Each structure stands twice: as structure tokens, then as C-alpha cells.
Amino acid sequence: MSIRSSVAGTLGRSSYWFLHRFFKGGSSLPGKLALAIDPEILKSFSKKYDLVIVTGTNGKTLTTALSVRVMQRKFDHVLTNPTGSNMEQGIVTTMITAPRPNKKGLAVLEVDEANVVKVAKYIKPVAFVFTNIFRDQMDRYGEIYTTYKKILDGVRLAPEATIIANGDSQLFNTEDLPNPIVYYGFDHEHLPAFDAPANTDGLLCPKCQHILKYHMRTYAGLGDYFCPNCGFHRPELTHAVTKIVEQTPTSSTFEIDGHEFTIGVGGTYNIYNALAAYSLGRHFDIAPEDIKKAFENDERVFGRQEVIDIDGKQVTMILVKNPVGLNQVLDMIATDKEPFSLGFLLNANYADGIDTSWIWDGDFEQFTHNDVRQYFTGGERYKDISTRLTMAGIDDLWEEPSLEKVVEKIKDLPTKRVYLLATYTAVLQVRKLLAEKNYIKGGMD
């Protein structure tokens with residue numbers, strides 16, 4: 001490590017200690033300070049860690065968390081960034097504050113799509129895990145093809161790294177890359193050819209622009225797709241979900257390659273996350289029975305169906321950020337047969353995406369058939385989400401822009417079960433408040 005890197009690391013660690021000692025968190029500023037002194041500080045960690053990068057639009061955080069649990073079955077030291085602080089500065093913070101391994105360790109890092117190239121430039125990955133690509137934060141990424149290009153800019157710096165990609169996403173089957181590729185996906189049913197809904201992401205064949213058809217579709221544009229015009233089709237899957245056994249709002253049981261697994265979160269989208277982690281584990285020769293044990297760890301993941309007890313109210317906090325992810329969350333909640341209350345905290349900062357129009361694609365109308373006892377909204381853009389709910393036919397709704405008051409009003413909700421949807425910075429803000437009130441340990445980290 002150079003003197004410059006050493007000074008940068010020392011300053012970053014000192015600021016991290018100060019923020020956590022006096023402000024209960026902070027995962028971005030220490031990295032920013034270190035980068036200001038040494039923009040190439042990540043290079044000093046290239047010999048200390050083998051790197052796995054997890055990237056894509058939805059599912060990065062849970063896929064990373066599950067992957068870490070799986071990899072810990074084989075590796076003594078696995079470094080990760082558990083809070084979803086996935087831009088360059090957050091990753092630098094993770095690196096400089098981690099205990100130094102006695103031997104070369106493994107880092108499994110969630111990385112923002114636009115930051116893959118910034119990390120791969122200094123630490124060459126041994127593997128990439130691709131979750132999916134949907135329209136997300138259009139102000140930052142643009143269309144899905146632009147997002148994929150950002151990822152590929154980083155992949156091309158590591159042509160020998162294995163790509164573990166969602167084979168149900170047609171975008172990951174469009175480029176001829178020198179990398180070894182492992183595809184995963186769902187293969188639990190085969191139906192006569194059918195069309196996806198007209199507003200589906202990635203509905204056109206990326207080769208000839210003809211409308212794709214499906215033999216199986218899980219959600220959005222994911223599934224066993226094919227083009228009836230040019231013959232473009234889903235690649236052969238290396239690992240597949242072969243059966244869905246049971247799904248509830250709080251768990252999913254399914255089979256991968258004929259082996260049964262259970263994870264403690266609901267939603268088909270989370271089965272994909274488990275499948276990605278399984279595929280990574282099998283790439284590293286971790287046995288299915290060890291992966292099963294890793295999945296049985298019930299530790300909740302930051303902001304992802306995290307259940308928090310607030311004076312007897314069981315509050316399930318779920319991060320939402322784009323239409324596809326939002327609708328998957330809403331579909332999962334709608335399976336709850338018990339009465340519940342539903343809240344939405346909407347911010348529009350840079351990390352959330354400043355354009356809030358994506359909330360209009362959320363299928364809130366379906367809740368007119370559920371036993372929802374109370375709706376509520378909060379956050380900096382609470383008026384936007386309140387308007388959307390009102391247009392969905394929901395009129396029994398209270399608004400509270402102050403997140404501190406939201407926490408207090410949750411205690412008076414008419415149901416024990418509460419679902420709290422929130423954008424990224426709102427999750428951070430609420431967790432900080434809950435930490436200050438001792439409902440959880442730690443806030444922003």
C-alpha cells in the first residue's frame with residue numbers, strides 16, 4: 001500500500017469511527033474522503049481479495065446477502081457491503097473499514113450498475129452475478145440497453161471472469177462475450193406459446209425487433225422466451241427452479257435442480273435471488289446441502305422484508321424503487337389473508353431517482369379486494385403517492401410528511417401487521433429513527 005493510500009485509509013477509518021460513535025451511522029462519507037486523497041485507493045485491495053460483483057436492477061442486496069451466506073460455507077473470510085451502499089464511495093468505505101484478512105479473502109459486493117466499471121478497473125473480478133435489468137431511475141440510467149452497456153464496460157475489463165446471469169432475461173443473451181457464462185432461470189412449467197402483456201419491459205426481440213412469445217413467464221419480461229421470426233430464444237439453463245412448492249408473504253419453498261429449499265421471504269422475485277446465490281455457490285463447488293443450510297439462516301436483510309417490532313406492531317419494511325419491483329412487492333403483500341395496514345414513504349433524492357412517475361405503474365387497485373384497514377403515506381413526496389392511491393380508489397388514508405411522526409402514528413394503527421414500503425433514502429431515515437428509539441440495533445449500517 002502506498003503512503004497516499006495509507007493516509008486516505010486512515011482518514012476514512014477515522015471519519016467512520018466518528019460517524020458511528022456520535023451519529024449512529026454513515027457509509028458514504030468515509031469513502032468520499034478517502035477517494036478525495038487517493039482516487040485509486042481500491043487498487044491497494046486487489047491483492048487482498050478475490051472479488052465477486054453482484055449487479056442488476058432489482059435483487060442485488062438480497063442476492064448478495066444470500067451469496068455471502070453460501071460462500072461462508074467454504075471461505076473463512078467473506079467481505080461484503082450489507083446495507084446496499086453500492087456506489088464507489090460506499091465500496092471504498094467497506095474495504096477500508098474491514099478487518100485485514102491474514103490470507104487472501106473473498107469479497108462479494110453489491111455494485112451499482114454504473115459503478116461496475118469503477119470497481120473492476122482496480123480489482124479484477126473472478127465472477128459477475130447478473131440479476132435482471134428493468135427500467136429504473138431513468139434520470140440516471142436511461143433505457144435498459146444503456147444500463148446493460150454500463151455493466152458491460154466493467155465486464156470487458158475482466159474477460160476471464162465467469163458471468164452468472166439470469167437466463168430468463170433476454171438482454172443477458174444479446175452480446176457475444178469471451179467470458180464463461182452460467183445461466184440460471186425457471187423451468188417449472190412449459191405452456192403453449194403465448195404473448196406477454198403489451199406494457200412489458202423488453203417485449204421486442206433484441207435481434208430483429210419482432211414481438212417475443214413465451215412458453216413460461218414469471219413476471220415482467222422474464223421467462224422462457226422465443227422469437228417466432230428469427231429464432232432467438234432463451235439459452236440452455238445450467239441451474240433451474242424445477243418446482244414451486246409453496247409461497248406465502250413471509251416464505252418461499254421451491255426446488256432447484258431437484259433439491260428443495262426454503263427462504264424466509266416471500267415473492268417470486270426473491271426466489272430468483274436465491275437461485276442466483278445457489279448458482280454462484282455451485283460454481284464454487286459448494287454442495288446443495290450446504291447451500292440449503294445457508295438459506296435457513298433467518299437473519300433479515302437491510303430493508304428487504306425486514307420485520308421490526310414497534311410497540312407490538314409487526315412492521316415489515318420493504319425497499320421499492322421501480323415499477324417491476326413495486327408490483328412484485330404488491331403481488332406478494334396481496335397474498336396475505338390477514339388484515340393489515342399499508343404505508344408508503346416516498347423520497348426523490350439522487351439515490352432514489354428524482355422522477356417519481358414510476359409509482360403510477362404500481363397496481364394499487366388490487367387492494368380494493370384485500371382487508372386493508374388503514375393506508376398512510378409519508379416522506380418528502382408524500383403528496384405524489386397520496387394522489388396515486390386516491391386515483392386507485394383509496395380514500396381512507398392519512399398523510400404525514402414527518403417520518404418521526406410516522407413512527408409514532410404506526411403505534412396507533414388498527415392492525416398488528418403493517419407493511420411499510422419505502423424508497424432507499426426513506427429506508428435509511430426510518431432506520432436511523434428506529435435506532436435512536438432503540439427499536440433496532442444500528443441505523444444506516
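We're numbering straight along the sequence, starting at 1. Just so we're clear, the structure is a prediction, and the values are computed from it rather than from any experiment.
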>> Within a 6.0 Å radius of atom NZ on Lys121, are there more than 12 heavy atoms belonging to other residues, nucleotides or ligands?
In response: no
>> Does Lys74 have more than 12 heavy atoms from other residues, nucleotides or ligands lying within 6.0 Å of its NZ?
In response: yes
> Between Phe344 and Trp358, how do the two ring planes meet: parallel, tilted or perpendicular, split at 30° and 60°?
Replying inline: tilted
> Using 4.0 Å as the upper bound for N to carboxylate O, is an ion pair formed by Lys293 and Glu289?
Replying inline: no
>> Taking the basic N atoms (NZ, or NE/NH1/NH2) and the acidic carboxylate oxygens, is any pair closer than 4.0 Å for Arg156 and Glu175?
In response: yes
> What are the two closest heavy atoms between Ala240 and Asp187, and how far apart are they?
Replying inline: CB-CB, 3.7 Å
> Taking the six-membered ring for Trp, are the ring centroids of Tyr148 and Phe172 within less than 6.0 Å of each other?
Replying inline: yes
> Side chains of Asn347 and Thr423: donor-acceptor distance under 3.5 Å anywhere?
Replying inline: no
> Looking only at heavy atoms, which two atoms of Gly362 and Leu326 are closest? And how far apart?
Replying inline: CA-CD2, 3.7 Å
>> Can you confirm whether more than 12 heavy atoms, excluding those of Lys292, are under 6.0 Å from its NZ atom?
In response: yes
> Considering all heavy atoms of both residues, which atom of Thr80 and which atom of Thr94 are nearest to each other, and what is their separation?
Replying inline: O-CG2, 3.2 Å
> Can you tell me if Lys243 uses its side chain to pair, donor with acceptor, with the backbone of His188 under 3.5 Å?
Replying inline: no
>> Would you say CD of Glu408 has more than 12 non-hydrogen atoms from neighbouring residues, nucleotides or ligands within 6.0 angstrom?
In response: yes
>> Let's go through Glu113 and Lys60 carefully: what are the C-alpha distance in whole Å and the side-chain angles of both, what is the deciding distance for salt bridge (charged side-chain N to carboxylate O under 4.0 Å, His left out) to 0.1 Å, and is it a yes or a no?
In response: CA-CA 10 Å; Glu113 300 93 301; Lys60 293 188 292 291; 3.5 Å; yes
> Is there a donor in the side chain of Tyr439 and an acceptor in the side chain of Asp311, or the other way round, less than 3.5 Å apart?
Replying inline: yes
> Quick one: side chain to side chain contact (heavy atoms under 4.5 Å, CB included) partners of Leu413, sequence neighbours excluded?
Replying inline: Ser341, Gln374, Phe376, Trp398, Ile410, Val418
>> Within a 6.0 Å radius of atom NZ on Lys337, are there more than 12 heavy atoms belonging to other residues, nucleotides or ligands?
In response: no
>> Can you tell me which residue among Phe186, Phe226, Tyr225 is in a ring-ring contact (aromatic ring centres under 6.0 Å, His included) with His215?
In response: Phe226
>> Between Tyr122 and Phe45, does the ring-ring contact (aromatic ring centres under 6.0 Å, His included) criterion hold? Intermediate values first, please.
In response: CA-CA 8 Å; Tyr122 300 113; Phe45 296 96; over 10 Å; no
>> Check this for me: does any side-chain nitrogen of one of Asp352 and Lys321 sit under 4.0 Å from a carboxylate oxygen of the other?
In response: no
>> Assess, by modelled atom type and distance only, whether the side chains of Asp331 and Tyr219 contain a donor and an acceptor separated by less than 3.5 Å.
In response: no
> Taking 4.0 angstrom as the limit, do Glu160 and Lys124 come out as a salt bridge?
Replying inline: no
> So which heavy atom on Thr63 is nearest to which on Thr131, and how close?
Replying inline: OG1-CG2, 3.8 Å
>> Just by distance, no angles: are the side chains of Asp361 and Asn327 close enough, under 3.5 Å, to form a donor-acceptor pair?
In response: no
> Do Tyr269 and Asn132 meet the criterion of a side-chain donor-acceptor pair at a distance under 3.5 Å?
Replying inline: no
> Between Lys103 and Asp76, is there a salt bridge with N-O shorter than 4.0 Å?
Replying inline: yes
> Roughly how far, to the nearest 0.5 Å, is CG of Asn322 from CG of Asp355?
Replying inline: 12.0 Å
> Do you know the tightest heavy-atom contact between Asn86 and Asn115?
Replying inline: O-CB, 4.2 Å
> Do you know the tightest heavy-atom contact between Val108 and Thr64?
Replying inline: O-CG2, 3.6 Å
